[in-house]
Visitor: 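Have a look at this one before I ask anything.
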Amino acid sequence: MKNKKIKKFIIWAVVLAVIGGAATGGVYAYRNYQSENTQAEVRNVSSLSWGYWGDDMTSVGYVANDHVQSVHIEDKTVEEVKVAEGDTVNIGDTLLVYDTTDVQLQIEMEQLELQGIENDIKLAQRDLDKLKKITPVSNTTNKNNTASKSATTKKNTTTAKKNTSTIVMMQVQKKDGDAYNYIDKSAKPYEGEGTPEQPYRFLCTQECYVTGTYLNYLMKKEQVAAFEIWSGNSYKEGTLISCWTVNGAEQHTVADDSKWSVATQQRLEDEVIIEETEEKSTQNQNTQTTESESQSIEETYTADELKKEITERESELKKLNVDKKKSELELDKLNKTRESAMVLATIDGVVKSVGDPENPPIDGSAFIEITGAEGMYIEGTISELMLDQIEVGQEISANSWNNGQMYSATIMEISEYPSENNGGNYGEGNPNVSYYSFTAYIEDASGLINGDYLELSITPATNQEESNALFIDKAYVREENGSYYVLKADAEDRLVKQYVQTGRTMYGSAIEIKSGLQETDRIAFPYGKTAKEGIKVVDAENF
């Protein structure tokens, strides 16, 4: 019985195997039939190529045959006009030269200001270095020294009162040659108008002082004066030693009978002379004692006091260094202004109008106007990202919307300031960047009229060598494990995977193919039921 069951099982197994094999063979045969009778549509790469666009930029410009260069002199003084109405000028010709006398004066004043700051820095640094060498003392020692100083001061005051009968006021001559020994309201500056730009300038001796009356006068009139000390008491042949600039608008009232040293910028006590008596010797002894005390007192700082003094000096030095930097920048700016005193023509044209240097326009109109000569001009814009790749003298292409003709133009001028609009760039490039206006000249402008709109194309020189780069639609390139491939038709008209090296993308739609594909190749859409290797291909035009 058992043997019959085993035989029956074997028979059924054989039957099922035969049926299963037939089914598998049928599926394989069906798939093979499907593969042989399915076709994938392929297209020539040349028909899918976008060509090279890269960083080329297109924008809209317009023809302006009445292009004008306007020269506004603003608050500058014209020294010489080089052209006359009706003159023909070329790019680079000198139109006018500004008077740099005022600028030169400002430069000299700024140099004096800078020297003063540098002197203050040296003094502050010297004080700081001196403070850092001091050894702090205890609070008890400091109090004893302060008491000692008070007692000594009282003693010296008594001695001074005793000697009062032996002193007389010093008589000072007002001038020593051309230099003043003291400045009062009757003193005359050697130049200047009392303004911040052109202050009164006084030549002073080393001992010169300014009276409180004159300082109060400057404050009342809100005028500015510079008190200068020159070697040899000569501002023409000497070297500037120091300068004290007083701005009356920032000055506080002082005592009319006070005197202020030009050299130290500090208030002076009444000048006195001592008779050749025994009291003079006593004064010398007192002076030596006072100096000795001063040296001793300098060292009587507690640790906290010394730390505070050092912090204040360091803070002062930082401020002075900032002031120095500002002064150097201003001086550099003034020097550049002096160097750019000549105004040059930026277009070829004819001088339409020239103003009178003695009576320049005050209504905001141009002092000189030049109108374009032969040919026509284009006004367009470029992205700030291309400013370092575009320059004056570079050629661009222009396509007229009116007649469809292509023109070659040369960039003549690029604005230093961004335009208020993007000049019709169709959103190409980065929309978050600024655009700068430029002017280009078309020598052969036949067929163009004023106001015609043009499509402008600018290609940086660095991109011209890449004009054969290949871009195709990203949809025909597929990614696999970090690599990119296309489905290409082989010699037997069947699809095969072709791995490619990719580069840049453009507008999110096209991708650069650096290697692995030629324009003569045929490729298929790499997605869908027919996107498989081995599938037969058919040209799209024959599908």
Visitor: Given the rule in the ring-ring contact (aromatic ring centres under 6.0 Å, His included) test, do Phe202 and Tyr190 qualify, once you have shown the distances and angles that lead to the verdict?
Guide: CA-CA 6 Å; Phe202 292 93; Tyr190 68 85; 8.4 Å; no

Visitor: Look only at the side chain of Ser400 and the backbone of Asn402, and say whether a donor-acceptor pair between them is shorter than 3.5 Å.
Guide: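 Checking the backbone N and O of Asn402 against the side chain of Ser400, a donor-acceptor pair under 3.5 Å is found.
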
Visitor: Please answer whether the main-chain N or O of Asp356 pairs with a side-chain N or O of Asn359 as donor and acceptor at a distance below 3.5 Å.
Guide: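 Checking the backbone N and O of Asp356 against the side chain of Asn359, no donor-acceptor pair under 3.5 Å is found.
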
Visitor: Has the side chain of Tyr180 got a donor or acceptor atom that lies under 3.5 Å from a matching backbone atom of Pro189?
Guide: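 Not a single qualifying donor-acceptor pair exists.
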
Visitor: If the threshold is 4.0 Å, N to carboxylate O, is there a salt bridge linking Lys352 and Glu85?
Guide: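 Answer for the salt bridge query: no.
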
Visitor: Can you name the closest pair of heavy atoms from Glu41 and Ala540 and give their distance?
Guide: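 Nearest heavy atoms, Glu41 then Ala540: OE2-CB, 3.0 Å.
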
Visitor: Got a sec: does the CD of Glu492 have more than 12 other heavy atoms crowding it under 6.0 Å?
Guide: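 It does not: Glu492 CD has 12 such atoms or fewer within range.
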
Visitor: Would you please test Gln251 and Asn247 for side-chain hydrogen bond (donor to acceptor under 3.5 Å, both in side chains) and show each step?
Guide: CA-CA 6 Å; Gln251 177 72 25; Asn247 189 337; over 6 Å; no

Visitor: Check ring-ring contact (aromatic ring centres under 6.0 Å, His included) between Tyr453 and all other residues, then give those that pass, not counting sequence neighbours.
Guide: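 For Tyr453 there are no ring-ring contact (aromatic ring centres under 6.0 Å, His included) partners, ignoring immediate neighbours.
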
Visitor: Is the shortest side-chain N to carboxylate O distance from Glu328 to Lys326 below 4.0 Å?
Guide: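 No, no charged N to carboxylate O under 4.0 Å.
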
Visitor: Could you tell me whether a side-chain N or O of Asn44 sits under 3.5 Å from a main-chain N or O of Ser46, the two making a donor and an acceptor?
Guide: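 Such a contact is absent between Asn44 side chain and Ser46 backbone.
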
Visitor: Any sub-3.5 Å donor-acceptor pair from Asp87's side-chain atoms to Ala84's backbone N or O?
Guide: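 A pair under 3.5 Å: yes.
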
Visitor: Is it the case that the side chain of Gln69 and the backbone of Leu344 share a donor-acceptor pair, with hydrogens and angles ignored and the cut-off at 3.5 Å?
Guide: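 Yes; judged by distance alone, with no hydrogens or angles, the pair exists.
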
Visitor: Using modelled atom types and a 3.5 Å cut-off, is there a donor and acceptor pairing between side-chain atoms of Asp348 and backbone atoms of Ile91?
Guide: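 A pair under 3.5 Å: yes.
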
Visitor: Are Glu480 and Lys497 close enough for a salt bridge, meaning some N to O gap below 4.0 Å?
Guide: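 Yes.
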
Visitor: Got a sec, which residues hit salt bridge (charged side-chain N to carboxylate O under 4.0 Å, His left out) with Asp332, two or more places apart in sequence or on another chain?
Guide: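 Result, salt bridge (charged side-chain N to carboxylate O under 4.0 Å, His left out) vs Asp332: Lys336.
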
Visitor: Tell me yes or no: between the side chains of Asp99 and Thr101, is some donor less than 3.5 Å from an acceptor?
Guide: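 Side-chain D/A pair, Asp99 to Thr101: present.
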
Visitor: Compare every heavy atom of Phe227 with every heavy atom of Cys204, then report the nearest pair and how far apart it is.
Guide: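 Heavy atoms only, the tightest pair is SG-CB, 3.9 Å.
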
Visitor: Shortest non-hydrogen contact from Lys514 to Thr502?
Guide: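 So the minimum-distance heavy-atom pair works out to CD-O, 4.1 Å.
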
Visitor: Spell out, as yes or no, whether a donor-acceptor pair under 3.5 Å connects the side chain of Asp521 to the backbone of Gln518.
Guide: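 Yes.
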
Visitor: Do Leu456 and Phe438 make a side-chain contact, defined as non-hydrogen atoms from C-beta onward lying under 4.5 Å apart?
Guide: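 When only atoms from C-beta onward are counted, Phe438 and Leu456 do touch, with a gap below 4.5 Å.
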
Visitor: Would you please say whether a donor-acceptor pair under 3.5 Å links the side chains of Thr439 and Glu379?
Guide: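 Side chains of Thr439 and Glu379: pair found under 3.5 Å.
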
Visitor: Step by step, work out the salt bridge (charged side-chain N to carboxylate O under 4.0 Å, His left out) result for Glu108 and Arg201.
Guide: CA-CA 11 Å; Glu108 293 176 3; Arg201 301 177 68 180; 3.3 Å; yes

Visitor: Give me the atom names and distance for the closest heavy-atom approach of Ser365 to Pro361.
Guide: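 That would be OG-CB, 3.3 Å.
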
Visitor: Say whether, by atom type as modelled, one donor and one acceptor occur between the side chain of Ser231 and the main chain of Thr239 under 3.5 angstrom.
Guide: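 Flag set: sc Ser231 to bb Thr239 pair under 3.5 Å.
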
Visitor: Just by distance, with hydrogens left out, do Gln115 and Asn119 show a side-chain donor and acceptor under 3.5 Å apart?
Guide: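 No, because no side-chain N or O of Gln115 sits under 3.5 Å from a partner of the opposite role on Asn119.
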
Visitor: Please determine if Asp493 and Arg522 form a salt bridge, counting it only when a charged side-chain N lies under 4.0 Å from a carboxylate O.
Guide: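 Between Arg522 and Asp493 there is a salt bridge, with a charged N closer than 4.0 Å to a carboxylate O.
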
